[in-house]
Amino acid sequence: GAMIKHALQWAGRGLPVFPLQPKSKIPLAGTHGFKDATRDEDIICEWWKLTQSANIGTATGDGFFVLDLDGPEATSWFINASGRHGEPDKTLTVKTREGRFHLYFWAECEIPCSTGRIAPHVDIRATGGYAVAPPSIHPNGHAYKIVRDLPIAEAPRWLTDLAVPDERSFEAPHADIPTACRSDFNPKYVLAAVENELATVTNAGDGGRNVALHCAAIKLGTLSAAGA
């Protein structure tokens with residue numbers, strides 16, 4: 001069927017996929033949703049041979065996230081923000097419904113999922129989440145459609161600024177930073193953290209060094225604010 005071809009194409013883009021129930025956003029019964037996501041062609045073929053009309057889910061995270069503009073207000077926000085801060089590189093864009101879009105981006109630091117945090121009706125599908133991929137059928141009967149078939153672009157810095165919470169407030173501490181610690185950090189831990197972030201920035205490609213540097217600054221800023 002057509003869906004299996006498209007599922008393989010999404011995996012070919014480098015995105016792990018998994019099956020959803022037909023005309024639904026819910027994972028297929030008997031599967032573990034995005035936890036089962038894979039790029040393995042044999043596994044993908046087995047899934048869609050069993051349920052040929054299954055919708056396609058793409059697991060987000062590992063440097064890949066989807067900006068979900070859920071309505072005209074969200075789209076206007078994105079256009080205005082791009083006008084103020086600089087328009088991002090054109091990227092893979094999906095129309096989910098009329099006036100609603102998914103924009104696919106890469107980032108060199110971990111982006112968390114969020115719902116309406118960066119702006120009203122603007123969600124981020126990232127670590128621990130997933131997006132529905134074309135040509136899946138929306139529950140309302142409309143097909144998800146690629147409207148800008150381009151390689152996935154690197155997210156601009158202003159967008160990652162918004163997407164990554166300010167960890168220095170300790171309201172959402174980074175997983176690598178012990179929340180119980182404030183001024184009693186082990187010096188060896190601090191040195192290792194600094195060396196790790198230096199290595200990350202050094203090894204980042206030319207196009208990703210600014211984002212990697214920004215993310216490193218946030219993580220090390222958390223250590224400093226905690227008294228390290």
Side-chain angles (χ1 to χ4, degrees), residues 1-71 74-75 78 88-115 121-155 159 163 208:
M3 284 296 187
I4 189 172
K5 178 184 73 173
H6 290 286
L8 291 169
Q9 288 175 348
W10 280 99
R13 292 178 185 265
L15 306 180
V17 302
F18 64 99
L20 304 172
Q21 295 180 22
K23 298 182 180 179
S24 173
K25 302 178 182 181
I26 301 172
L28 200 63
T31 69
H32 300 95
F34 66 84
K35 294 179 181 178
D36 284 345
T38 183
R39 294 187 295 270
D40 187 294
E41 293 186 0
D42 291 335
I43 296 174
I44 293 169
C45 288
E46 284 299 318
W47 279 334
W48 268 272
K49 283 177 183 177
L50 291 173
T51 309
Q52 294 186 12
S53 59
N55 272 353
I56 303 167
T58 57
T60 48
D62 290 330
F64 151 63
F65 72 96
V66 171
L67 185 70
D68 183 356
L69 304 177
D70 196 16
T75 302
F78 182 71
D89 293 337
K90 297 290 188 294
T91 192
L92 177 64
T93 304
V94 168
K95 182 178 180 181
T96 63
R97 286 182 287 164
E98 193 62 38
R100 291 166 168 81
F101 300 93
H102 284 172
L103 278 65
Y104 287 65
F105 288 105
W106 294 111
E108 293 210 6
C109 60
E110 183 176 336
I111 303 292
C113 287
S114 64
T115 303
H121 310 294
V122 177
D123 301 339
I124 290 181
R125 314 291 179 85
T127 303
Y130 65 92
V132 182
S136 298
I137 306 299
H138 192 277
N140 67 14
H142 293 290
Y144 288 74
K145 181 181 179 181
I146 295 177
V147 292
R148 187 173 279 164
D149 193 357
L150 294 170
I152 298 175
E154 182 177 338
L159 183 55

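Looking at Leu92 and Asp149, their side chains come closer than 4.5 Å, going by heavy atoms from C-beta outward. Residues Thr93 and Ile146 are not in side-chain contact: their nearest non-hydrogen atoms beyond the backbone lie 4.5 Å or more apart. Side-chain contact between Leu15 and Tyr104 is present, with heavy atoms from C-beta onward closer than 4.5 Å. The side-chain heavy atoms of Ile152 and Thr91, taken from C-beta on, include a pair separated by under 4.5 Å. Within the 4.5 Å cutoff, side-chain heavy atoms of Glu41 are placed close to those of Leu8. In this structure, the side chains of Pro88 and Phe78 come closer than 4.5 Å at one or more pairs of heavy atoms. Annotation: side chain of Leu69 is in contact with side chain of Val122 (closest heavy-atom distance under 4.5 Å).
The neighbour count for Gln9 CD, taken as heavy atoms of other residues, nucleotides or ligands under 6.0 Å away, is above 12. Around CG of Asp40, the count of heavy atoms belonging to other residues, nucleotides or ligands within 6.0 Å exceeds 12.
Distance check, rounded to the nearest 0.5 Å: OG of Ser24 to NE2 of His138 gives 10.0 Å. To the nearest 0.5 angstrom, Asp70 atom CG is 10.0 Å from Thr115 atom OG1. Thr127 OG1 to Glu110 CD: the interatomic distance, rounded to the nearest 0.5 Å, is 4.0 Å. Put simply, CZ on Arg125 and OG on Ser114 are 10.0 Å apart, with the number rounded to the nearest 0.5 Å.
The shortest heavy-atom contact between Thr38 and Ile43 is CG2-CG2, 3.9 Å.
Checked against the 6.0 Å centroid criterion, the rings of Tyr130 and Phe18 qualify as a close aromatic pair.
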Set out, in order, the CA-CA distance, both residues' side-chain angles and the distance that settles side-chain contact (heavy atoms from CB on, under 4.5 Å) for Val132 and Thr96, then state yes or no. CA-CA 9 Å; Val132 182; Thr96 63; over 6 Å; no
Walk me through whether Phe64 and Thr58 qualify under side-chain contact (heavy atoms from CB on, under 4.5 Å). CA-CA 10 Å; Phe64 151 63; Thr58 57; 4.3 Å; yes
Show the numbers, then the answer: is there a side-chain contact (heavy atoms from CB on, under 4.5 Å) between Met3 and Ile56? CA-CA 8 Å; Met3 284 296 187; Ile56 303 167; 4.1 Å; yes
Step by step, work out the side-chain contact (heavy atoms from CB on, under 4.5 Å) result for Asn55 and Ile137. CA-CA 7 Å; Asn55 272 353; Ile137 306 299; 4.2 Å; yes
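In terms of modelled atom types and a separation under 3.5 Å, the side chain of Trp10 and the main chain of Pro134 share a donor-acceptor contact. The main-chain N or O of Gly129 is found under 3.5 Å from a side-chain atom of Thr60 such that the two form a donor-acceptor pair.
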